[in-house]
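Note sheet for the following structure.
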2 protein chains.
Amino acid sequence: MDLRQVRYFIAVAEERSFTLAARRLNLSQPPLSQHVQALEAELGTPLLYRTSRKVELTQAGEAMLLRGRAILQQVKSAEDEVRSIGAGMVGTLDLGATGSILRGRLAELLAAYRQVAPLVKMTVYEQAPARQIAALLNRTTNISLIRGVPTERDLTSKLAWREEVVLAVPRTHPLAKRKRVALGELASEDHVVLDPDSSDFARHVQTCCVDAGFLPKVSQQVVDAQSIPSLIAAGFGVALVPQSIARFTTADIAFRPIRPSPPAADVFLVFRQDETSMVVHNFIKLALRYLGQRKKPG
Amino acid sequence: MDLRQVRYFIAVAEERSFTLAARRLNLSQPPLSQHVQALEAELGTPLLYRTSRKVELTQAGEAMLLRGRAILQQVKSAEDEVRSIGAGMVGTLDLGATGSILRGRLAELLAAYRQVAPLVKMTVYEQAPARQIAALLNRTTNISLIRGVPTERDLTSKLAWREEVVLAVPRTHPLAKRKRVALGELASEDHVVLDPDSSDFARHVQTCCVDAGFLPKVSQQVVDAQSIPSLIAAGFGVALVPQSIARFTTADIAFRPIRPSPPAADVFLVFRQDETSMVVHNFIKLALRYLGQRKKPG
DNA sequence: ACGATTGATAGGGTTTCGCTATGGATCTTC
DNA sequence: GAAGATCCATAGCGAAACCCTATCAATCGT
């Protein structure tokens, strides 16, 4: 059985006429007769009761009409679905990110993406960078956002955005009065730092300080970047934080740029090199375009 | 989209190889590649991720595989259904018959038919002959069993069976001692008769009696042939009944042949000349064959 | 490094497809 | 009531699709 035969038969059945159906199908009448005959021969039963004046459906024809419509509908539905998946507009997308990135700029990125591809089922896993790499490699996630490029050969990285390192101090602190601060001036301060085991940003900051000639004196170590502002406000000292953390600020805290500025903390989109999912590629394409448009968001 | 393309793609997807799939399809490998390419081009997305060493499904391919299987299954199911209907093994069959015929030989005929075509939904309407003709003409029923051929030009009749007219008398009646009885001998008897308005058999008997030179003296008129035996047993007189009524007999009654025998009451299968239902034609064919095999049932 | 295997591509013969022309049958119209 | 119109089926022909064999490019295994 051929879909063309089904389409042709349905046209004849609906028009109750070979001639009209042929017109509708942009076809001449003879091949239409032949195809319907072929279908009837294959099914071993007449589908149409023909007189030279009118065409009526047999019972088998009635059934064939209903079933044929259902088949064509299913075919169309399958085409649409496959096309959507192929275009990366339908499917699943599993992301990995650390809490600070997730609640920072990633949230706005995901919101923008959801507007473009609302049928994609997104899941975000909040995990430490090392776990994210592992998850990418064992195909638990498709994309990760991490600071720094992983060395694994199967992974590709693309720069998502750069975050300047800024100083967070209590408003009562002497440095709060300054317009900008040099990194070396923080050698004698108490520092609130993130856990370097789980935070690439913490390691980045540590490297910057070592390059500036000192090892920060740790008054408090935290796991979640969001807890830093309240600790600063409570007088635990100062902290070097990504610029984006400023969104979680309170009135008690001031943020000041570091000058000369240390290297920015770069956030990368990381994914498998052999990734086949069009959803993933589509997301990456849209994300880079979106992030490129607004390099410096509020 | 073409069913062949779908079949070919499914083979490749299942075998994870063009070469093996081509072998399974009794086809060489190049046209297989081309058909899959054509399908991918039409859907605007790759379905397979090919290296020169192995073939894997893309997400779109996974969806296409599932949908394709469903489509082929539905096609096969449709083919089976249409074929069955075309062979007259599935569908509906509405019959009309009078009570005596229905509870007589028709019951056994329907039982035999049900064994052959158990999927046919049968409905039997018990109605007077005139209503049966009307029901046939307005397509309420497909087939009727009536005595005598209707005159309507749109109807076709085929002899189903012939029923001899026999005499029913109480065992105490003088005629019960006879081996056979002539019709003329019944001129002076009291007769239990069916309603001639609703019974072709009653009219047939009446004609026979008139041909024999008398008009039966009616002691009692009934509508249902089944009530005759008990009335005979109760002494209401004699009755001329179809042979098949003997199955409802009791010990108090004797049946005797009429000699010389009057014309038999012929029962006909009647149906529309333009009937298209294969169920109907199949039933008629099977019924005539079945009835022909056992002309004289017990 | 070389042979074997896999999928893609090229070219040719056969089948299928769709078109025009025509036939047979019925309905409409004058 | 006969002629024309309409409808579906058939016949014959040119074009397109299809499937084949032969070959190429790339990768895997020895």
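Here is how names work: the chains are called A, B, and so on, in the same order as the sequence lines, proteins then strands, and each is numbered from 1.
B:Leu47 contributes atom CG, which lies 14.0 Å from atom CD of B:Glu56 (distance to the nearest 0.5 angstrom). From B:Trp161, atom CH2 reaches atom CG of B:Asp266 across 11.5 Å, with rounding to the nearest 0.5 Å. Rounding to the nearest 0.5 angstrom, the gap separating the CD atom in A:Glu79 from the CG atom in B:Leu39 is 8.5 Å. Distance check, rounded to the nearest 0.5 Å: CD1 of B:Ile143 to OG1 of B:Thr156 gives 11.5 Å.
Heavy-atom distances under 4.0 Å link DNA chain D to B:His35 of residues 34-42 of chain B, given in residue order. Proximity of residues 1-13 of chain A to DNA chain D (heavy atom under 4.0 angstrom from any strand atom) is not detected for any residue.
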Exercise. Classify every nucleotide of nucleotides 24-30 of chain D by which part a protein heavy atom approaches to under 4.0 Å, writing B for the base, S for the sugar-phosphate alone and - for neither, in 5'-to-3' order.
Key: --BBS--

Quiz item: Is there a side chain to side chain contact (heavy atoms under 4.5 Å, CB included) between A:Arg69 and A:Ile10 once you walk through the steps?
Solution: CA-CA 7 Å; A:Arg69 281 176 176 150; A:Ile10 290 177; 4.2 Å; yes

Practice problem: Test A:Met278 against A:Ile85 for side chain to side chain contact (heavy atoms under 4.5 Å, CB included), laying out the working first. | Solution: CA-CA 7 Å; A:Met278 287 309 296; A:Ile85 294 175; over 6 Å; no

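Contact check on B:Arg24 versus B:Glu14 returns a salt bridge, with a Lys/Arg side-chain nitrogen under 4.0 Å from an Asp/Glu carboxylate oxygen.
Here B:Ser28 lies in heavy-atom contact (under 4.0 Å) with a base. Nucleic acid contact class of B:Leu32 (heavy atoms, under 4.0 Å, all strands): none.
Distance A:Phe18 CZ to D:dA9 C1': 9 Å, rounded to the nearest Å. As rounded to whole Å, 16 Å separates atom C1' of D:dC7 from atom OH of A:Tyr49.
Protein chain A contacts DNA chain C from C:dC17 to C:dC27, reading 5' to 3' and using non-hydrogen atoms of the protein with a distance under 4.0 Å.
The 12-atom threshold is exceeded at CZ of B:Arg50, counting heavy atoms of other residues, nucleotides or ligands nearer than 6.0 Å.
Residues satisfying the ring-ring contact (aromatic ring centres under 6.0 Å, His included) test with A:His204, not counting sequence neighbours, are none.
Contact detail for B:Ala97 and B:Leu106: the closest heavy-atom pair is CB-CD2, 3.6 Å.
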For residues 113-131 of chain A, please give each side-chain donor-acceptor pair under 3.5 Å, one per line with the distance, not counting sequence neighbours.
residue, atom, partner, partner atom, Å
A:Thr123, OG1, A:Asp94, OD1, 3.4
A:Glu126, OE2, A:Arg103, NH2, 3.2

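For the residue pair A:Thr98/A:Arg147, the side-chain donor-acceptor check at 3.5 Å is not satisfied. In the model, A:Ser33 has no side-chain atom that pairs as donor or acceptor with a side-chain atom of A:Gln37 under 3.5 Å.
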